[in-house]
S.K.: 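Handing you this structure, nothing more for now.
Sequential numbering from 1 along the given sequence is applied to the chain's residues.
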Amino acid sequence: MTSPDSSAAAEPTPDPVRSDAERTRGAAACDADSVHDLVDAVRRYRNAEGAMRGQSRDSMHLGKTDMTALRSMLRAGQAGQPLNAAALSRELGISSAATTVLVDRLEQSGHAERRPSATDGRVIEVWPTATTENEVRSTMGTMHERMMRIAAALPPEDSSTIHRFLGALGQAMTELDFPATGPADPPA
């Protein structure tokens, strides 16, 4: 019989039957579940972000490269470093011929325009049109505001931990080495 003073929330005493190794395996299994849940949360976020970006592209009737080009143009314009076709080509990692086709397509659809550079009249810069800029900013602005609101609600120590985690995750992805693939050897 327990005394009235004993507490139901008392610290559990270590189980003498379970070895240290068993307790460590139990903690590792719990940690493995936490790691799995965290990686799964990252995947769910990436899927949600990808779906949102896809909906944004669809609403503007743009392909993925087209939208990426527009976002690059917006960032460059904000930074005071507007892109010319060569810089856009490097930014997107596509050929100059593909960039010309892309800019022509964006221009014909009313999403981008070519303008002479304000600093060097020989250079032609590529800018999103005002309508497209407003449309992209409205969609991305809403997403950015929601992200800022969620981030601002985090305690500083959580924010710091998440910052380190995402930085390390990004670095790990950047440093990935994929094996070179080529055509299969012809059958002998």
Side-chain angles (χ1 to χ4, degrees), residues 42-154 156-182:
V42 170
R43 281 189 196 111
R44 285 192 314 272
Y45 168 76
R46 288 187 61 229
N47 290 340
E49 182 185 30
M52 182 277 307
R53 289 187 185 276
Q55 289 171 349
S56 178
R57 286 190 310 267
D58 290 348
S59 76
M60 295 178 70
H61 308 288
L62 294 170
K64 187 174 184 178
T65 304
D66 296 11
M67 186 62 120
T68 302
L70 288 172
R71 282 197 309 268
S72 294
M73 288 180 230
L74 285 167
R75 275 193 311 273
Q78 284 177 333
Q81 302 287 325
L83 299 175
N84 59 28
L88 184 59
S89 178
R90 283 190 303 276
E91 178 88 15
L92 299 174
I94 60 176
S95 71
S96 60
T99 302
T100 299
V101 171
L102 169 86
V103 173
D104 287 346
R105 185 173 57 243
L106 290 172
E107 197 170 38
Q108 288 168 2
S109 66
H111 290 295
E113 58 191 0
R114 291 174 168 99
R115 298 182 199 163
S117 169
T119 58
D120 182 351
R122 298 169 298 169
V123 175
I124 301 297
E125 298 168 346
V126 186
W127 289 81
T129 60
T131 303
T132 296
E133 186 171 346
N134 290 337
E135 194 171 352
V136 171
R137 286 188 191 284
S138 128
T139 302
M140 295 300 141
T142 301
M143 179 188 73
H144 184 72
E145 286 172 16
R146 289 179 183 182
M147 290 173 71
M148 293 300 284
R149 196 169 38 249
I150 291 167
L154 290 171
E157 61 276 4
D158 289 354
S159 181
S160 179
T161 299
I162 293 167
H163 185 266
R164 283 192 315 275
F165 168 73
L166 291 175
L169 199 58
Q171 187 69 31
M173 297 299 124
T174 302
E175 293 173 351
L176 255 175
D177 251 348
F178 291 100
T181 58

S.K.: I'd like to check Asp66 versus Leu70 (side-chain heavy atoms, cut-off strictly below 4.5 Å). Are they in contact?
M.R.: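 A side-chain contact is absent here, since even the closest heavy-atom pair is not under 4.5 Å.
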S.K.: Got a sec, which residues hit side chain to side chain contact (heavy atoms under 4.5 Å, CB included) with Asn134, two or more places apart in sequence or on another chain?
M.R.: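 Side chain to side chain contact (heavy atoms under 4.5 Å, CB included) list for Asn134, sorted by chain: empty.
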S.K.: Checking Arg122 now: which residues fulfil salt bridge (charged side-chain N to carboxylate O under 4.0 Å, His left out) with it, not counting sequence neighbours?
M.R.: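 Asp120.
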S.K.: Could you report the tightest heavy-atom contact between Ala112 and Val126, atom names first, then the distance?
M.R.: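 The answer is CB-CG1, 4.3 Å.
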S.K.: Applying salt bridge (charged side-chain N to carboxylate O under 4.0 Å, His left out), name anything that partners Arg44, two or more places apart in sequence or on another chain.
M.R.: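 Here the qualifying residues are Asp40.
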S.K.: Report the distance from atom CD of Glu133 to atom OG1 of Thr131, rounding to the nearest 0.5 Å.
M.R.: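 Here the interatomic distance stands at 10.0 Å.
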S.K.: What salt bridge (charged side-chain N to carboxylate O under 4.0 Å, His left out) pairs are there with at least one residue in residues 164-177, not counting sequence neighbours?
M.R.: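 Residue pairs with at least one partner in residues 164-177: there are none.
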S.K.: To check you understand the geometry: which heavy-atom pair defines the closest contact between Leu106 and Ala69, and what is its length?
M.R.: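 So the two residues come closest at CD1-CB, 4.3 Å.
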S.K.: Nearest 0.5 Å, what's the CZ-CG distance between Arg43 and Asn47?
M.R.: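 It comes to 9.0 Å.
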S.K.: Mind checking what makes side-chain hydrogen bond (donor to acceptor under 3.5 Å, both in side chains) contact with Thr100, not counting sequence neighbours?
M.R.: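 side-chain hydrogen bond (donor to acceptor under 3.5 Å, both in side chains) list for Thr100, sorted by chain: empty.
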S.K.: Just to verify, what does Thr119 make a side-chain hydrogen bond (donor to acceptor under 3.5 Å, both in side chains) with, not counting sequence neighbours?
M.R.: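 With sequence neighbours excluded, Thr119 shows a side-chain hydrogen bond (donor to acceptor under 3.5 Å, both in side chains) to Ser117, given in chain and number order.
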S.K.: Residues two or more places apart in sequence or in another chain: which of them pass side chain to side chain contact (heavy atoms under 4.5 Å, CB included) with Val101?
M.R.: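 Per chain and number, Val101 pairs via side chain to side chain contact (heavy atoms under 4.5 Å, CB included) with Arg105.
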S.K.: List in chain and number order the residues that pass salt bridge (charged side-chain N to carboxylate O under 4.0 Å, His left out) with Glu125, two or more places apart in sequence or in another chain; answer none if no residue qualifies.
M.R.: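 With neighbours one apart ignored, the set is empty.
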S.K.: Working to the nearest 0.5 Å, report the span between OG1 of Thr68 and CE of Met73.
M.R.: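 CE of Met73 is found 10.5 Å from OG1 of Thr68.
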S.K.: List the residues meeting salt bridge (charged side-chain N to carboxylate O under 4.0 Å, His left out) with Asp104, not counting sequence neighbours, and say none if there are none.
M.R.: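 Per chain and number, Asp104 pairs via salt bridge (charged side-chain N to carboxylate O under 4.0 Å, His left out) with Arg114.
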S.K.: Could you measure the distance from the CD1 atom of Ile150 to the CD atom of Glu145? Nearest 0.5 Å is fine.
M.R.: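 Spacing of CD1 (Ile150) from CD (Glu145) equals 12.0 Å.
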S.K.: For the backbone of Pro156 and the side chain of Ser160, can you confirm whether one donor and one acceptor N or O come within less than 3.5 Å of each other?
M.R.: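 It does not hold such a pair.
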S.K.: With sequence neighbours left out, what residues match Thr132 under side-chain hydrogen bond (donor to acceptor under 3.5 Å, both in side chains)?
M.R.: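 side-chain hydrogen bond (donor to acceptor under 3.5 Å, both in side chains) list for Thr132, sorted by chain: His111, Thr129.
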S.K.: Can you give each donor-acceptor pair under 3.5 Å made by side-chain atoms of residues 88-96, sequence neighbours left out, with the distance rounded to 0.1 Å?
M.R.:
residue	atom	partner	partner atom	Å
Ser89	OG	Ile94	O	2.4
Ser89	OG	Thr99	OG1	3.4
Ser95	OG	Ala98	N	3.0

S.K.: Between CD of Glu113 and CD1 of Ile124, what distance do you get to the nearest 0.5 Å?
M.R.: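 Between atom CD of Glu113 and atom CD1 of Ile124 there are 11.5 Å.
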S.K.: For Met143, enumerate each residue passing the side chain to side chain contact (heavy atoms under 4.5 Å, CB included) test, keeping only those at least two apart in sequence or located in another chain.
M.R.: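 Counting only residues at least two positions away or on another chain, Met143 forms a side chain to side chain contact (heavy atoms under 4.5 Å, CB included) with Met52, Arg53, Met140, Met147.
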